[in-house]
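Read the structure below first, then the notes.
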Amino acid sequence: YGGPSDPTAKGLDSQSGVFWLPPQKAYPTLAERIRLGTVKLSQDELHTLIVGFMNAPEWMQSKYDALGHNCNHFSMAFARALCKDFVLPAWINRLADVGH
């Protein structure tokens with residue numbers, strides 16, 4: 001979520017801030033993999049969820065804020081949509097929380 005800070009980002013259109021990167025190719029650099037748990041969605045349900053996030057007003061590029069509404073906030077919302085009980089480790093967004 002945000003803007004195409006990596007030239008390998010795919011799927012970013014003029015309004016949606018949601019895009020994808022190849023696994024483990026996050027920019028600046030992937031710090032750690034975090035297990036979500038088991039996702040119990042069909043492929044069609046997953047596609048519908050992704051399209052919903054891409055079209056959701058709160059995830060448009062214009063809503064991006066480096067501290068208050070960033071890629072970590074998106075990741076938490078998406079992870080919870082996949083696995084309701086998932087909790088993102090507190091250290092993930094600590095800098096944004098301190099600065100905001």
Side-chain angles (χ1 to χ4, degrees):
Y1 170 69
S5 57
D6 185 313
T8 62
K10 307 277 188 211
L12 190 66
D13 67 27
S14 62
Q15 294 186 12
S16 177
V18 177
F19 59 94
W20 69 273
L21 296 170
Q24 299 182 25
K25 299 294 181 190
Y27 179 81
T29 303
L30 178 69
E32 180 180 335
R33 279 189 260 173
I34 299 171
R35 181 160 170 72
L36 291 176
T38 302
V39 176
K40 297 179 181 178
L41 297 174
S42 69
Q43 189 171 359
D44 288 340
E45 290 169 324
L46 180 58
H47 181 266
T48 299
L49 180 68
I50 293 168
V51 170
F53 270 84
M54 290 180 78
N55 293 323
E58 65 265 33
W59 303 116
M60 294 291 122
Q61 283 187 35
S62 62
K63 300 289 185 179
Y64 182 84
D65 178 274
L67 297 178
H69 196 70
N70 62 38
C71 56
N72 294 322
H73 296 101
F74 172 82
S75 296
M76 184 67 215
F78 190 68
R80 282 195 177 149
L82 293 171
C83 298
K84 303 292 184 216
D85 297 329
F86 179 75
V87 176
L88 197 67
W91 65 266
I92 298 286
N93 218 23
R94 188 176 314 143
L95 183 59
D97 291 340
V98 168
H100 197 257

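Please read all numbers here as calculations on a predicted model, not as lab measurements.
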For the [atom1] atom of [X] and the [atom2] atom of [Y], what is their distance to the nearest 0.5 Å?
X: H73; Y: Y64; atom1: NE2; atom2: OH; result: 10.0 Å
X: K63; Y: N70; atom1: NZ; atom2: CG; result: 15.5 Å
X: M60; Y: S16; atom1: CE; atom2: OG; result: 4.5 Å

Checklist entry - Between V51 and F74, is there a shared hydrophobic cluster once you connect ILVMFWY residues whose side-chain heavy atoms come closer than 4.5 Å? => result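 No; F74 is not reachable from V51 via cluster members.
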Below 3.5 Å, can you tabulate the donor-acceptor pairs from side chains in residues 76-90 to any protein atom, sequence neighbours excluded?
| unit_1 | atom_1 | unit_2 | atom_2 | d |
| --- | --- | --- | --- | --- |
| R80 | NE | F86 | O | 3.3 |

Next on the checklist: My understanding is that only residues two or more places apart in sequence, or in another chain, count here; which of them pass side-chain hydrogen bond (donor to acceptor under 3.5 Å, both in side chains) with T38?
Outcome noted: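 Testing T38 for side-chain hydrogen bond (donor to acceptor under 3.5 Å, both in side chains), a comparison that skips the adjacent residues, returns none.
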Checklist entry - With sequence neighbours left out, what residues match E45 under side-chain hydrogen bond (donor to acceptor under 3.5 Å, both in side chains)? => result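 Once residues adjacent in sequence are excluded, the partners of E45 under the side-chain hydrogen bond (donor to acceptor under 3.5 Å, both in side chains) criterion are S42.
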